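One structure is given here, and the rest of the page talks about it.
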There are 2 protein chains.
Amino acid sequence: MLYAVFMSATLPPIPAPQEPVGEPELLQLSAAEDEPCLRADAARNRAALLEAATRLIAEHGAAGVTMEAVAAAAKVGKGTVFRRFGDRTGLLMALLDHSAKKLQADFLGGPAPLGPGAPPLERLRAFGVAVLYRTHEQLDLQLAAQPEPTRRFGLPPTRALTMHVTVLLRQLVPDADCELLARMLMGYLDPALIHHLTKQCGMPMDRLEAGWVDLVARVTCTPQSR
Amino acid sequence: MLYAVFMSATLPPIPAPQEPVGEPELLQLSAAEDEPCLRADAARNRAALLEAATRLIAEHGAAGVTMEAVAAAAKVGKGTVFRRFGDRTGLLMALLDHSAKKLQADFLGGPAPLGPGAPPLERLRAFGVAVLYRTHEQLDLQLAAQPEPTRRFGLPPTRALTMHVTVLLRQLVPDADCELLARMLMGYLDPALIHHLTKQCGMPMDRLEAGWVDLVARVTCTPQSR
DNA sequence: ACCCTAAGCGGACTGCGGTCCAGTTTTGTT
DNA sequence: AACAAAACTGGACCGCAGTCCGCTTAGGGT
C-alpha cells in the first residue's frame with residue numbers, strides 16, 4: 001500500500017513562487033506531470049524521504065515530523081528535503097497525494113453515485129460524504145499539511161475539488177453564482193472545521209453527514225430538508 | 001483613535017493552555033475581564049508594546065511584526081512580550097480587539113438593522129455585510145492573526161460571532177441543525193477566503209456581498225434568491 | 001519609613017523552518 | 001573514453017518563535 005505513494009510526485013522539483021492567476025482557469029485535472037523524470041539518485045532519495053516521513057508519522061504523529069528528522073532518517077542532507085518538496089507543507093502534501101489522486105479519479109471517472117452516471121444532485125451529495133470521511137480518516141495529516149492562510153485556496157488539489165463542485169452546481173442551479181456557492185460548500189469540508197466539530201465539540205460523523213445533505217438541499221433549493 | 005485600543009485587554013496574563021470544552025457553552029459576551037488589574041509597570045509596558053506593534057505594522061506591514069522587533073521598539077525584553085500576550089497570534093489579536101468589541105456591541109445592542117429591533121433575516125444579512133467589510137479593511141492584520149488550524153474555531157471572538165448567527169438562525173429555521181448551518185455561514189466570512197476571492201481572483205466586494213445575501217436566502221429557504 | 005513577597009522583567013538559550021553555495025555525481029555529447 | 005554542462009547534494013548558516021530562570025521592583029502590611 002505504501003510504494004505507490006512513494007512513486008507519485010506532486011510538486012515541481014524547484015517550485016518557483018507561482019503568482020496566483022486572476023482568472024479561474026480551465027480544470028487542471030492531473031496537477032502533476034511536473035516531474036520531467038528525476039535523475040536516478042534524486043528519485044531514490046525522494047522515495048527514501050517519503051518512506052522516512054511515513055515512518056516518523058506512524059511513530060510520533062504528524063507533529064513530530066521535523067524536516068531535519070526526516071532528512072536524518074532517510075540518511076540525506078537537509079537541503080535535499082527542501083529541494084525536493086519545497087517546504088514542510090509540500091512534503092506533507094506529497095504524502096496525501098495518493099489519496100487525493102484516487103478521490104479525484106473516483107469522482108471524475110469512477111462508478112456512480114460519485115462518478116458520472118448519477119444525477120448531479122446525488123453526485124454532489126456523494127462527493128461531500130466521500131470527502132468528509134476521507135478527511136476524517138487522515139485528520140492529523142490533513143491538519144498538519146494545511147498551508148498558511150494565504151495559500152489555502154490556491155493549491156491544485158483544492159482547486160480541482162472546488163471546480164468539480166462548481167460544475168455540478170451549474171447543472172443544479174444554473175443562474176446562481178456557482179463559484180461562490182461552491183467555495184462555500186467546500187468550506188464545510190475544511191479539515192480544520194471537521195476537526196473542531198468532531199474532536200472539540202464531540203459531534204458524531206453522522207451529524208456532519210446529515211448536515212452536508214441538508215446543506216446541499218438548501219443551497220440547491222431542493223425539497224427534503226432534513 | 002489609538003489609545004482606546006491600547007487600554008483594552010484580551011488575553012489572560014499567563015494564558016494557561018486551556019483545554020477546549022466539549023459542550024458549546026453559553027454566550028460569553030465580553031471575553032475580556034481577564035485582566036485583574038495589571039501592575040502599573042506592566043500596564044505601561046502593555047500599552048507601549050501595542051503602540052510599537054501598531055507602528056511596526058504601519059511601517060513594514062503585518063508580516064514585519066517580529067516579536068523581537070516589537071520588544072525592541074517598545075524598549076522591553078522579549079520575555080515580556082510573551083508573558084503579556086502569550087504568543088504572536090495573541091499580540092495580533094489584541095490589536096484587533098477594539099474593532100472586535102465594537103462589532104460585537106453593534107450587533108448585540110446597536111441600532112437596527114444590525115442590532116435588535118430588525119427582523120432576524122435582515123439582521124443576519126446586515127451582520128454578514130458588516131463582517132465582510134470589517135474584514136476587508138483589516139485584511140493583512142486579520143490574516144496574520146490567524147492562529148494554527150487547530151485553534152481557529154475555538155477562540156472567543158469567533159465563538160461569539162458564530163453564536164450570534166446560530167441564535168438568529170434558530171428564529172429563522174427552527175428545525176434545522178442551526179449550529180452546523182451557522183458554522184457554515186461563518187465559513188463564508190473567513191478572512192482567508194475573502195482574501196483569496198478579492199486579491200487572488202479579483203472579485204469585487206459587491207459580488208461577495210451579493211453572494212452573502214443570496215446564500216442567506218438559500219439557507220433560510222427565503223425567496224428572493226439573487 | 002521599612003520590609004516582604006508576589007508579580008514582573010529581560011535576555012540567554014533552544015529548536016525548527018528555510019536559504020545558500022561549494023563540491024560532487026549523473027548524463028548527454030563528441 | 002573523455003569531457004562539460006546540468007542537476008543534485010549536504011551541512012553550515014540565518015532569523016524567528018517560544019522557553020527558562022535568576023534578578024528587580026511595585027505596592028500592601030506594619
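In what follows, chains carry the letters A, B, and so on, assigned in the order in which the sequence lines appear, proteins first and then strands, with residues in each chain numbered from 1. Quantities reported herein were computed from a predicted structural model and do not represent experimental measurements.
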**Fill in**
Closest heavy-atom pair, Arg88(A) versus Ala63(A), reported as atoms and distance to 0.1 Å, is NH1-O, 4.4 Å
**Fill in**
All heavy atoms of Leu193(B) vs all of Gly187(B), minimum pair found to be CD2-O, 3.7 Å
Give every donor-acceptor pair under 3.5 Å between a side-chain atom in residues 147-154 of chain B and any protein atom, sequence neighbours left out.
unit_1, atom_1, unit_2, atom_2, d
Glu148(B), OE2, Arg151(B), NE, 3.3
Glu148(B), OE2, Arg151(B), NH2, 3.2
Arg152(B), NH2, Asp190(A), OD2, 2.5

Between [X] ([atom1]) and [N] ([atom2]), how many Å, whole number?
{"X": "Arg46(A)", "N": "dG10(D)", "atom1": "CZ", "atom2": "P", "result": "16 Å"}
{"X": "Met67(B)", "N": "dG10(C)", "atom1": "CE", "atom2": "C1'", "result": "14 Å"}
{"X": "Phe82(B)", "N": "dG11(C)", "atom1": "CZ", "atom2": "C1'", "result": "13 Å"}
{"X": "Leu56(A)", "N": "dC16(C)", "atom1": "CG", "atom2": "P", "result": "12 Å"}
{"X": "Arg88(B)", "N": "dC16(C)", "atom1": "CZ", "atom2": "C1'", "result": "16 Å"}
{"X": "Phe85(A)", "N": "dC8(D)", "atom1": "CZ", "atom2": "C1'", "result": "14 Å"}
{"X": "Leu38(B)", "N": "dA7(C)", "atom1": "CG", "atom2": "P", "result": "12 Å"}
{"X": "Leu49(A)", "N": "dT9(D)", "atom1": "CG", "atom2": "P", "result": "9 Å"}

Less than 4.0 angstrom between a side-chain N/O of [X] and OP1 or OP2 of [N], yes or no?
{"X": "Thr80(A)", "N": "dC8(D)", "answer": "no"}
{"X": "Arg84(A)", "N": "dT9(D)", "answer": "yes"}
{"X": "Asn45(A)", "N": "dC8(D)", "answer": "no"}

Contacts under 3.5 angstrom, residues 135-143 of chain A side chains, donor-acceptor by atom type, not counting sequence neighbours:
unit_1, atom_1, unit_2, atom_2, d
Thr135(A), OG1, Val131(A), O, 2.9
Gln138(A), OE1, Gln142(A), NE2, 3.1
Gln138(A), NE2, Ser99(A), OG, 3.2

Going by the rule side-chain contact (heavy atoms from CB on, under 4.5 Å), which residues pair with [X] if we only count those two or more places apart in sequence or in a different chain?
{"X": "Ala145(A)", "value": "Leu92(A), Met93(A), Leu96(A)"}
{"X": "Thr166(A)", "value": "Thr162(A), Arg170(A), Cys178(A), Glu179(A), Ala182(A)"}
{"X": "Ala105(A)", "value": "none"}

**Prompt:** Within the side chain of Arg207(B), is there an N or O that forms a donor-acceptor pair under 3.5 Å with the backbone of Thr198(B)?
**Reply:** no
**Item:** Side-chain donor or acceptor of Tyr188(B) paired with backbone N/O of Leu208(B) under 3.5 Å
**Value:** yes
Any N/O pairs under 3.5 Å between the protein and nucleotides 28-30 of chain C? List them or say none.
none

**Message:** Suppose we screen for salt bridge (Lys or Arg N to Asp or Glu O under 4.0 Å). Which residues come up paired with Lys102(A), at least two apart in sequence or across chains?
**Reply:** Asp106(A)
**Fill in**
Hits for salt bridge (Lys or Arg N to Asp or Glu O under 4.0 Å) against Arg39(A), two or more places apart or cross-chain, chain-then-number order -> Asp41(A)
**Asked** Could you give all pairs that pass the ring-ring contact (aromatic ring centres under 6.0 Å, His included) test and reach residues 41-69 of chain B, with sequence neighbours left out?
**Response** none
**Item:** Residue mapping more 5' on DNA chain D - nearest nucleotide basis, Glu68(B) or Glu68(A)
**Value:** Glu68(A)
**Test log, rule side chain to side chain contact (heavy atoms under 4.5 Å, CB included), inputs Leu180(A) and Leu197(B)** = CA-CA 9 Å; Leu180(A) 285 189; Leu197(B) 294 179; 3.6 Å; yes
Atom pairs, N/O to N/O, protein against nucleotides 23-26 of chain C, distance under 3.5 Å?
unit_1, atom_1, unit_2, atom_2, d
dT25(C), O2, Arg39(A), NH1, 3.3
dT25(C), O2, Arg39(A), NH2, 3.4

**Item:** Near-strand residues of residues 69-79 of chain A, defined as heavy-atom separation under 4.0 angstrom from DNA chain D
**Value:** Val76(A), Gly77(A), Lys78(A), Gly79(A)
**Request:** For the helix from dA1(C)-dT30(D) to dT30(C)-dA1(D), measure the angle between the helix axis at one end and the axis at the other, each built from five pairs, rounding to 10°.
**Result:** 0°
**Request:** If the plane angle is over 60° it's perpendicular, under 30° parallel, otherwise tilted; pick one for His164(A) and Phe127(A).
**Result:** tilted
